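To start, the structure itself, in structure tokens.
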Amino acid sequence: MHYQKPKGTADILPAEAKKWQYVENIAQEVFETYNYHEIRTPIFESYDVFERSSGESSDVVSKEMYDFNDKGERHIALRPEGTAGVVRAYVENKLFGPEQVKPYKVYYHGPMFRYERPQSGRQRQFHQIGVEAFGSTSPDLDVETIAMAMQLLARLKLTDMHLVINSLGDAATQAAYHQALVDYLTPLQAELSADSQRRLTSNPLRILDSKDQHDQELVAQAPTILDFLSEDSAQHFAAVKTGLTNLGIDYEIDHTMVRGLDYYTNTIFEIMVTSPAFNNQEMTAIGGGRYDGLVKEFGGPDEPGIGFGIGVERLLLLLDDQDAALQEKPLDFYLVKTSEAVESSAFKLLQAIRRNGYSADQDYLARKVKGQFKNADRLHAQYVITVGETEVETGNVPVKNLATGEQIEIEIAAFENNFADVLAKLQK
RNA sequence: GCGGUAUUGGUGAAGUGGUUAACACACCGGUUUGUGGCACCGGCACACGUGGGUUCGAUCCCCACAUACCGCCCCA
């Protein structure tokens, strides 16, 4: 019996991991320019944390939670998304306290888990990069958050993207609209698709983005949530739109856009990208929004929050397609040994190079000189140093530039005591 | 959770109910006693996902399971 990775998981091998580092580094750079700082919270939390935040009826909770009882009979769940844990940490560490500057801005990245059937760009363990900002209801914060998301994708050289926004209003808005939608659709129930008939009782908002053609026609006539916004929510949404325009960010309003988690309020947004990687179908690269009741829900003060999340696997599919320039970093030096007798001297030379901050490697499989050169080539080494018995005697080694084929002599001692001299000779 | 397709070496893959499982790439060695290319020569499958079954005999037929991919639910 051989082992295989658990269903829906993936090994990220070194070549791929380089791309992850690239994305994570750029995200960090962009976020820090907006004064966001990293937070790391546990990968698992008490099951209640997610049940409370995502909504008991949501699919994420009702059937996708990766949960178990630990040896102390605690009901634990692997986090299905990032916001809940961060909100829990925000409240538990009393980060809402007066000694903190508000808004309190954090970002995170790491694995998330959902027990679902794996599919394209969808796994049981997947990864998100996300941000959260607490403590301000300012529409400018919404604008900033959206602008930051756009900037991140732009830095990653994504094109063909467009921003879609909507407002879900506050709690009162949502209750009123929910009722109005049900009132509108119930008489039409017989005309709805089977799926949507079921949704009518389970999650009516979902009918808004049904894939069924006829459903869409019916929905087109349905009341829009934007007509139900409370005065505060309407003003907030108007200010967000003005703010976006002010920064020159184009947007589209889609009043049928809904999101999967129950905690969103007021502004929600998605950045859609069209890419051959997904058959030129438009897909969401970044989704996020406000969650003004969540901190209170977790036992904190009645403080607002806003954030977004990015699915890293999906993002990387997009980047692959755009041929993100990710050059493999070549090895600086490869050390070729001609016999066992020189191994100890060669090893010291190798270590000297590494101590000076340059990458270097050697053969450990007793290969012939020719084989060692081949390896140097495969590793894209810039220089090959050949160490043989003559070299050890004379104190000079040939250093060959693999790209040009030129070879020069350098003193072994220089590698040990005067690396600057080595570099100077290589420059010529 | 439901439905469909797939599963052969390090990789891409061909193939058959019955002595030695194509071909290519990669890799290793040699032709070249210490220099990367090319060429030529040679080597390279616990036997075809796992477990059962049918059969005189199965990698090829049947069943179950596992995993991957696609679609649905859902999500984004």
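Remember, it's a predicted structure, so these values are computed and weren't measured experimentally. Every chain is numbered from 1, with letters handed out A, B, ... down the list of sequences.
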Whole Å only: how far is the [atom1] atom of [X] from the [atom2] atom of [N]?
{"X": "A:Gln4", "N": "B:A66", "atom1": "CD", "atom2": "C1'", "result": "6 Å"}
{"X": "A:Gln119", "N": "B:G71", "atom1": "CD", "atom2": "P", "result": "6 Å"}
{"X": "A:Ile310", "N": "B:A76", "atom1": "CD1", "atom2": "C1'", "result": "13 Å"}
{"X": "A:Leu335", "N": "B:G36", "atom1": "CG", "atom2": "P", "result": "17 Å"}
{"X": "A:Ile286", "N": "B:A76", "atom1": "CD1", "atom2": "P", "result": "14 Å"}
{"X": "A:Glu116", "N": "B:C72", "atom1": "CD", "atom2": "C1'", "result": "13 Å"}
{"X": "A:Gln407", "N": "B:U35", "atom1": "CD", "atom2": "P", "result": "11 Å"}
{"X": "A:Phe113", "N": "B:C75", "atom1": "CZ", "atom2": "C1'", "result": "17 Å"}

Which part of the nucleic acid does [X] contact within heavy-atom distance under 4.0 Å: base, sugar-phosphate only, or nothing?
{"X": "A:Ser339", "result": "nothing"}
{"X": "A:Lys374", "result": "sugar-phosphate"}
{"X": "A:Gly288", "result": "nothing"}
{"X": "A:Gln372", "result": "nothing"}
{"X": "A:Gly309", "result": "nothing"}
{"X": "A:Gln128", "result": "nothing"}
{"X": "A:Glu270", "result": "nothing"}
{"X": "A:Lys337", "result": "nothing"}

Whichever of A:Lys7 and A:Gly287 has its nearest RNA chain B nucleotide further upstream toward 5': A:Lys7
Earlier contact from the 5' end, RNA chain B, for A:Arg367 and A:Gly388: A:Arg367
Pairing of A:Glu409 and A:Lys425 as salt bridge, 4.0 angstrom limit: no
SB check A:Arg74 A:Glu45 (cutoff 4.0 Å): no
Provide the distance between the two [atom1] atoms, one in [N] and one in [M], to the nearest whole Å.
{"N": "B:G12", "M": "B:A26", "atom1": "P", "answer": "15 Å"}
{"N": "B:G30", "M": "B:U35", "atom1": "P", "answer": "12 Å"}
{"N": "B:U16", "M": "B:C61", "atom1": "C1'", "answer": "13 Å"}
{"N": "B:A22", "M": "B:G37", "atom1": "C1'", "answer": "30 Å"}
{"N": "B:G15", "M": "B:A47", "atom1": "C1'", "answer": "14 Å"}
{"N": "B:U54", "M": "B:A68", "atom1": "P", "answer": "31 Å"}
{"N": "B:U67", "M": "B:G29", "atom1": "C1'", "answer": "37 Å"}
{"N": "B:C25", "M": "B:G71", "atom1": "C1'", "answer": "34 Å"}

Pair A:Asp183-A:Gln179, side-chain donor/acceptor within less than 3.5 Å: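 Per modelled atom types, A:Asp183 and A:Gln179 side chains form a pair under 3.5 Å.
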Among the nucleotides [options], which one has an atom lying closest to any side-chain atom of [X]?
{"X": "A:Arg314", "options": "B:A76, B:A66, B:C69", "answer": "B:A76"}
{"X": "A:Arg117", "options": "B:C28, B:G3, B:C38", "answer": "B:G3"}
{"X": "A:Asp377", "options": "B:G36, B:A76, B:U35", "answer": "B:G36"}
{"X": "A:Arg114", "options": "B:G36, B:C75, B:G71", "answer": "B:C75"}
{"X": "A:Thr284", "options": "B:C28, B:A76, B:U35", "answer": "B:A76"}
{"X": "A:Arg206", "options": "B:G37, B:C27, B:C75", "answer": "B:C75"}
{"X": "A:Pro398", "options": "B:G34, B:C2, B:A68", "answer": "B:G34"}
{"X": "A:Arg122", "options": "B:G36, B:G34, B:C74", "answer": "B:C74"}

To the nearest 0.5 Å, what is the distance between [atom1] on [X] and [atom2] on [Y]?
{"X": "A:Glu393", "Y": "A:Ser345", "atom1": "CD", "atom2": "OG", "value": "11.0 Å"}
{"X": "A:Glu24", "Y": "A:His109", "atom1": "CD", "atom2": "NE2", "value": "4.5 Å"}
{"X": "A:Glu132", "Y": "A:Phe308", "atom1": "CD", "atom2": "CZ", "value": "9.5 Å"}

N or O in side chain of A:Lys368 less than 4.0 angstrom from B:G30 OP1/OP2: yes
Parallel, tilted or perpendicular: ring planes of A:Tyr358 versus A:Phe333, cut at 30 and 60 degrees: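 If you compare the ring of A:Tyr358 with that of A:Phe333, the planes turn out perpendicular.
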A:Lys296 charged N/C atom sitting above A:Tyr263 aromatic ring, 6.0 Å / 45°: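 A:Lys296 over A:Tyr263 ring: no.
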Quiz item: cation-pi between A:Arg124 and A:Tyr115, 6.0 Å / 45°: yes
Pairing partner of [N] (Watson-Crick or G-U wobble, both distances under 3.5 Å):
{"N": "B:C65", "answer": "B:G49"}
{"N": "B:C2", "answer": "B:G71"}
{"N": "B:U54", "answer": "none"}
{"N": "B:C27", "answer": "B:G43"}
{"N": "B:C60", "answer": "none"}
{"N": "B:U16", "answer": "none"}

Presence of donor-acceptor pair under 3.5 Å, side chain of A:Glu391 and base of B:G34: yes
